[in-house]
Amino acid sequence: MRQASITFDRAFAIGDTDPRLFGAFVEHLGRCVYGGIYEPGHPTADKRGFRKDVLDLVKELGPTIMRYPGGNFVSGYNWEDGVGPVKDRPARLDLAWFTTEPNTFGTNEFVDWCRAAKIEPMLAVNLGTRDGDAARNLVEYCNHPGGTAWSDLRIKHGWKKPHDIKFWCLGNEVDGPWQMEHKTATEYGRVAHEAAKMMRWIDPSIELAACGSSGRNMPTYGRWEDEVLEHTFDQVEFISLHTYFNNYAADTKAFLASPDLMDQFIEEVVAISDAVAARRRSDKRIMLSFDEWNVWYRTRRVRADRVKEGWPVAPPILEEIYSMEDALVFGGACISLLNHADRVKAACLAQLVNVIAPIMTETGGPAWRQTIFWPFAQMSRLGRGTVLKAIVKSESYQASYF
Ligand code: AHR
């Protein structure tokens with residue numbers, strides 16, 4: 001008979017889980033916003049256009065913090081397009097997903113949606129096509145009480161109280177050539193440093209995450225983290241990590257073992273961050289924000305395919321249908337996050353609705369759960385408190401995975 005054992009001892013604790021470990025992500029991508037969380041005219045929509053059936057499922061799923069508005073989208077986003085009277089907002093071509101962005105949903109609607117869902121908002125600023133100036137203006141618009149042009153504009157738009165957004169991402173996947181205004185680590189490090197400095201001058205209570213590598217397989221991985229943190233170490237609390245698991249090889253054993261690479265990724269980024277601290281003789285510890293993770297491979301698309309479709313608004317793209325096998329790998333990733341609760345202090349399942357998501361909808365129709373909904377909901381509901389180190393004894397197998 002095969003046997004396995006797991007031993008726990010209360011004396012061997014890894015750390016306490018931060019409530020932000022159970023986050024998710026809403027990007028202006030496909031039907032995540034339009035036809036997902038927001039669909040005016042849907043039978044369950046409230047007067048603000050928020051779908052109640054989706055909100056109910058989100059509450060059951062239990063995400064604690066929500067990243068917005070991207071993703072690749074944010075690297076070309078003018079946040080000013082998404083505020084003010086809806087009739088005056090411009091439609092724009094989105095070069096991340098080759099769609100048309102109508103801008104009928106923006107920062108204020110997102111914050112209202114988060115409040116309705118009882119979720120902390122996390123905003124990413126555009127450090128692709130824009131820089132520290134647009135970022136600091138957004139912090140002033142959102143968090144300054146009033147009496148300045150940007151804060152008074154928020155009040156004029158109908159939001160008297162500041163949004164008080166604490167968690168800010170300094171751009172997205174800037175190391176990736178697919179990103180609008182992709183940068184080298186030196187170029188990004190400088191921009192992130194200056195943006196962070198000004199954002200914090202406006203609101204010293206904010207917390208900032210610098211972009212780490214968009215995957216452990218990036219050619220610049222490791223050197224990127226090292227140089228970016230050399231520039232931003234004193235300005236940021238977090239460095240980000242992104243991972244998407246795949247079973248391209250149709251190798252179940254390797255796929256099921258692949259969350260081991262998440263462990264390795266986390267431990268390597270901790271080592272690099274601590275090396276930067278050591279060079280400065282600093283006892284500051286940079287925490288990790290694993291702000292995109294999931295299984296994603298069936299619905300990846302090359303840019304040439306996107307272009308052929310002719311700039312649609314909210315097309316059904318990246319609508320991955322998840323299997324039981326995916327849910328097991330996903331559960332492995334949840335355990336990897338919990339096992340690093342001492343250093344991973346924020347994480348976002350990418351994404352929330354329709355786009356590589358635990359929740360699916362039909363535009364105009366019902367909403368339902370995918371297989372990956374269940375491990376996430378259990379992790380968020382039960383994974384609170386102190387994580388104990390698990391000593392696992394079982395048979396093992398060799399697997400190679402890329
Ligand atoms: O989550 C989908 C995309 O994956 C995001 O827009 C991007 O940041 C990542 O490459």
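We're numbering straight along the sequence, starting at 1. Indexing begins at 1, ligand by ligand and atom by atom, following the structure's order. Reckoned from all heavy atoms, side chains included, excluding hydrogens, waters and symmetry mates.
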> So, Arg136 and Asp131, do they make that salt bridge, N to O below 4.0 Å?
no
> Applying side chain to side chain donor-acceptor pair (under 3.5 Å), can you list everything that pairs with Thr148, at least two apart in sequence or on another chain?
Glu140, Ser151
> Check side-chain contact (heavy atoms from CB on, under 4.5 Å) between Glu207 and all other residues, then give those that pass, not counting sequence neighbours.
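For Glu207 the side-chain contact (heavy atoms from CB on, under 4.5 Å) partners, ignoring immediate neighbours, are Arg20, Lys166, Glu237, Phe238.
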> Mind checking what makes ring-ring contact (aromatic ring centres under 6.0 Å, His included) contact with Tyr221, not counting sequence neighbours?
Phe265
> Is the shortest distance from a Lys or Arg side-chain nitrogen in Glu227 or Arg223 to a carboxylate oxygen in the other one below 4.0 Å?
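Answer for the salt bridge query: no.
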> When you check the gap from the basic side-chain N to the acidic O, do Glu181 and Arg130 get nearer than 4.0 Å?
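Judged by the 4.0 Å cut-off on N to carboxylate O distance, Glu181 and Arg130 do not form a salt bridge.
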> Check each protein residue for a heavy atom under 4.0 Å from ligand 1 and list those that pass, ordered by chain and number.
Phe25, Glu27, Gly71, Asn72, Trp97, Asn172, Glu173, Tyr244, Glu292, Trp296, Gln351, Ile356
